[in-house]
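These notes concern the structure reproduced below.
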Amino acid sequence: MENIKILARNTLFRGLTEKEIESILFYLNPVVRKYKKGNIILAAGAAVTDVGIILKGRAVIEKEDIRGNRSIISELGESSLFAEALACARAEHSPVTVAAETDAEVMFINFDKIMTVRAKTEIAGRLVKNMMTLIAGKNIFLNNKLEHASKRSIREKLLSYFDELAVKTGGRKFKLPFSKTALADYLFVDRSAMMRELSHMKKDGVIKYEGDVFEIRK
């Protein structure tokens, strides 16, 4: 029942009651696996047929280039879903790695079963619609990331991303969704250089921040 409550917070099951989620899992036949901190949940180069949902712990989606430089694509917390776009595309070689940041428990569901589930029509229809919403949302996320990273200076990259967060919160004050190290990886910049720029921006009165809480001043 605890897992059902966690799944109910995931967009894939939006609009479904806990009882409906429990009933549809019977048809989906998911597999739950446990991982120790640092274990690989999904390896780069592996074929992808399942979507994953974090039931406990945290994980990161990361990418490593040929020189060994590591970039964090996204951080995953409890109830987060991953690999939906790759599973939809039936990717034969995953371009990213998903690693456990803490001890973690992950539920895997076959993508084709989600799209062809033989549950009650209204429940199955809701599940498919939610999956398409998730895939569309992932495309928007990646497009936004590309827009931020394409800015010429570190300050421009930061302000572009901060503007997005401000719009989402409906005000000038917002909280970073991940650590500053992850922020540097997300924007493809050196962390030390980014921290120096944040200090300059604070001194210039462009932003104000304490810990992971930021405010756009100008």
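Counting from 1, the numbers follow the sequence of the chain as shown. Heavy-atom basis, side chains included; hydrogens, waters and symmetry copies ignored.
- One hydrophobic cluster, built from ILVMFWY side chains closer than 4.5 Å, cannot hold both Val32 and Ile40; they sit in different ones.
- Side-chain atoms of Met131 and Val51, non-hydrogen and from C-beta on, do get closer than 4.5 Å to each other.
- Summarising the geometry, atom NZ belonging to Lys34 is positioned 10.5 Å from atom CG belonging to Leu55; distances are rounded to the nearest 0.5 Å.
- Side chain of Asp212 to main chain of Lys175: no donor-acceptor pair is present (N/O by atom type, distance under 3.5 Å, no hydrogens or angles).
- Two residues are said to be in side-chain contact when any heavy atoms from C-beta on lie closer than 4.5 Å; Arg33 and Val106 fail this criterion.
- Contact between Asn10 and Ser80 at its shortest, heavy atoms only, is ND2-C, 3.8 Å.
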Next item on the list: Kindly determine whether Arg217 and Met201 satisfy side chain to side chain contact (heavy atoms under 4.5 Å, CB included), including the steps that lead there.
Entry: CA-CA 10 Å; Arg217 305 299 298 274; Met201 293 168 70; over 6 Å; no
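- Residues Val60 and Leu42 do not share a hydrophobic cluster, clusters being chains of Ile/Leu/Val/Met/Phe/Trp/Tyr side chains in contact below 4.5 Å.
- A chain of hydrophobic side-chain contacts below 4.5 Å, direct or via other Ile, Leu, Val, Met, Phe, Trp or Tyr residues, connects Met107 to Leu16.
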Checklist line | CA sep, side-chain torsions, deciding dist, call: Tyr186, Lys145, side chain to side chain contact (heavy atoms under 4.5 Å, CB included) | finding: CA-CA 8 Å; Tyr186 177 76; Lys145 179 177 180 177; 3.5 Å; yes
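- Taking OG1 of Thr116 as the start and CG of Leu127 as the end, the distance is 10.5 Å to the nearest 0.5 Å.
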Check: Can Asp112 and Thr49 be said to form a side chain to side chain contact (heavy atoms under 4.5 Å, CB included), step by step?
Finding: CA-CA 8 Å; Asp112 288 340; Thr49 56; over 6 Å; no
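- Exactly one residue among Leu25, Leu81, Leu12 makes a side-chain contact (heavy atoms from CB on, under 4.5 Å) with Leu7. That residue is Leu25.
- By the ring pair (Phe, Tyr, Trp, His ring centres under 6.0 Å) test, Tyr35 pairs with no residue at all, sequence neighbours left out.
- Atom-to-atom distance recorded for Lys56:NZ and Asn3:CG is 6.5 Å, nearest 0.5 angstrom.
- Considering every non-hydrogen atom in both Ala43 and Ser94, the closest pair reads O-CB, 3.8 Å.
- Two residues are said to be in side-chain contact when any heavy atoms from C-beta on lie closer than 4.5 Å; Asp50 and Val31 fail this criterion.
- For the side-chain contact (heavy atoms from CB on, under 4.5 Å) with Val189, the lone residue among Leu183, Leu158, Ile154 that qualifies is Ile154.
- Counting heavy atoms from C-beta outward, His148 and Phe188 have side chains that stay 4.5 Å or more apart.
- With contacts defined as side-chain heavy-atom distances shorter than 4.5 Å, the pair Leu28/Val117 qualifies.
- Counting only distance, with no hydrogens or angles, the side chain of Thr102 and the backbone of Arg58 share a donor-acceptor pair below 3.5 Å.
- Here the straight-line distance linking atom CE of Met194 with atom OG1 of Thr181 works out to 7.0 Å at 0.5 Å rounding.
- Contact check for Val48 versus Phe111: no side-chain heavy atoms found under the 4.5 Å cut-off.
- The two atoms that bring Ala184 and Arg191 nearest to each other are CB-CA, 3.7 Å, heavy atoms only.
- A donor-acceptor pair under 3.5 Å is formed between the side chain of Glu156 and the backbone N or O of Arg152.
- Annotation for Ala99 and Glu62: closest pair CB-OE2, 4.3 Å, computed over non-hydrogen atoms.
- The shortest side-chain heavy-atom distance between Tyr209 and Ser199 falls under the 4.5 Å cut-off.
- Of the possible polar contacts, one joining the Thr133 side chain to the Lys129 backbone as a donor-acceptor pair under 3.5 Å is found.
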Checklist line | Trace of the salt bridge (Lys or Arg N to Asp or Glu O under 4.0 Å) decision for Arg126 with Glu122 | finding: CA-CA 6 Å; Arg126 170 62 65 177; Glu122 62 272 19; over 6 Å; no
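- Between the side chain of Lys208 and the main chain of Val213, no donor-acceptor pair closer than 3.5 Å is present.
- Residue Lys63 qualifies as open at atom NZ: its count of foreign heavy atoms under 6.0 Å is 12 or below.
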Check: Would Leu187 and Lys151 satisfy side chain to side chain contact (heavy atoms under 4.5 Å, CB included), going step by step from the backbone distance to the final call?
Finding: CA-CA 9 Å; Leu187 296 175; Lys151 302 299 182 183; over 6 Å; no
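- Panel note: side chain Asn130, backbone Arg14; a donor-acceptor pair is recorded below 3.5 Å.
- To the nearest 0.5 Å, atom CG of residue Leu76 and atom CD1 of residue Ile41 are 7.5 Å apart.
- When all heavy atoms are compared, the tightest approach of Ile123 to Ser23 is CD1-OG, 4.4 Å.
- A distance-only check finds a donor-acceptor pair linking the side chain of Lys157 to the backbone of Ala149 [under 3.5 Å].
- Inter-residue side-chain proximity for Pro177 and Leu165 is flagged as met; some heavy-atom pair is nearer than 4.5 Å.
- Pairing each heavy atom of Ala8 with each of Glu18, the nearest pair is CB-CG, 4.4 Å.
- The distance from the CG atom of Asn144 to the NZ atom of Lys168 is 6.5 Å, given to the nearest 0.5 Å.
- For the ring pair (Phe, Tyr, Trp, His ring centres under 6.0 Å) test, residues two or more places apart in sequence or in another chain that qualify with Phe162 are Phe174, Phe214.
- Cluster membership check: Val128 shares its hydrophobic cluster with Phe26, using side-chain heavy-atom separations under 4.5 Å among Ile, Leu, Val, Met, Phe, Trp and Tyr.
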